[in-house]
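All chains are named by letter (A, B, ...) in the order of the sequence lines, taking the proteins before the strands, and each is independently numbered beginning at 1. Computed from a predicted model, the values in this text were never measured in an experiment.
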Amino acid sequence: MSDPVTALNGATFNAGIASVAEVPLQGMITLRGDLSAAAIQKAATVTIPGDMPTAGRARIEGENGVAWMSPDEALVLCPYADVSAVLEKMQKTLGNSRALAVDVSDARASFRISGPHAREVLAKLCPVDLSPAVFTSGMFRRTRMAQVPAAIWLSDTDCLQVISFRSQAQYVFDLLVVAAQPGSSVDLY
Amino acid sequence: MLILTCPVCGVTAEETEFHGGGEAHLKRHGPGSSDENFEEYLFMRENPRGVHFERWRHVYGCGKWFHAARCTTTLEVFGTYPAQTYEPPKDLLAKISKKRPGWAWRDLA
């Protein structure tokens, strides 16, 4: 059996205004289909029972969750080892609905930026208003991070999580490290 | 810099999160059309100073196409509306008329 590893083998950077760490392997399933349909909503929330989040929002608790990506796409989070079991459960829930559920865990890299300046680090890279009054817990924002796409959410106070493509992991990590370098705080938020 | 609001996901962001898709509301002239019509469909574009209608795509966000009405001189965005339409909504046209009296764009005014 192969031994799955993350793109950067858990790289961390703690010497700056915020700490940047690559998140251990996280199970991710892309679900495409009409998100207003009941069967698809049920399949999307299979790891975290409850309502489907509305546009631009997510419900994420620990390694489980669901995020709204677009009107026809949801991202389902689950522990890495459970992906095939969750996929099977989703396929059963979907039945004959017109939908697609695919394991994309190994196509992604994710990072955690924590510390009092975490918002500032990301605000330097994304065209998003990250002030505490605007970007609040429960929001899930797909955006541009310097030159690559990324999705961000607030996993805790002063802790932001970022998902990017795995092939761009080194680029994203380097970006975050430069944005978090010592003495670079703007003290905007 | 343009500040656009995606009518699909409701996100308001500046233009680097989007990608321009050229002029809006082109009528496709396909097989069987005259050479003039096909030429017009392929090459003839408006290049106005003032009110303009464009297609945009929320490329770093939800990935969906939409329409935007904006002013090419002031970069003011009058409004955005869904892609699934052949013409701009009436209330948007009224809003533009109020701000830019006497404007014209192709057969709209």
**OP:** Take atom CG of A:D187 as the centre, draw a 6.0 Å sphere, and report whether it contains more than 12 heavy atoms from other residues, nucleotides or ligands.
**Re:** yes
Subject >> Heavy-atom check, side chain of A:S70 versus side chain of B:V8, under 4.5 Å >> reply: no
Original post:
Is A:D72 close to B:K64 at the side-chain level, that is, under 4.5 Å between some pair of heavy atoms?
Top reply: yes
**OP:** Verify the neighbour count for atom CD of A:E88: are there more than 12 heavy atoms of other residues, nucleotides or ligands below 6.0 Å?
**Re:** no
Original post:
For A:F165, does the CZ atom sit with more than 12 other heavy atoms under 6.0 Å from it, leaving out its own atoms?
Top reply: no
**OP:** Check the surroundings of atom CZ in B:R49: do more than 12 heavy atoms from other residues, nucleotides or ligands lie under 6.0 Å from it?
**Re:** no
**OP:** Evaluate whether atom CZ of B:R106 has more than 12 neighbouring non-hydrogen atoms of other residues, nucleotides or ligands under 6.0 angstrom away.
**Re:** yes
Original post:
Can you tell me how far CE of A:M69 sits from SG of B:C62, rounded to the nearest 0.5 angstrom?
Top reply: 11.0 Å
Original post:
To the nearest 0.5 Å, what is the distance between CZ (A:R141) and SG (B:C9)?
Top reply: 7.5 Å
Original post:
What closest approach, in Å, do A:P127 and B:E17 show between heavy atoms, and which atom pair accounts for it?
Top reply: CG-OE1, 3.8 Å
Original post:
With a 4.0 Å cut-off, would you call A:R144 and B:E14 a salt bridge?
Top reply: yes
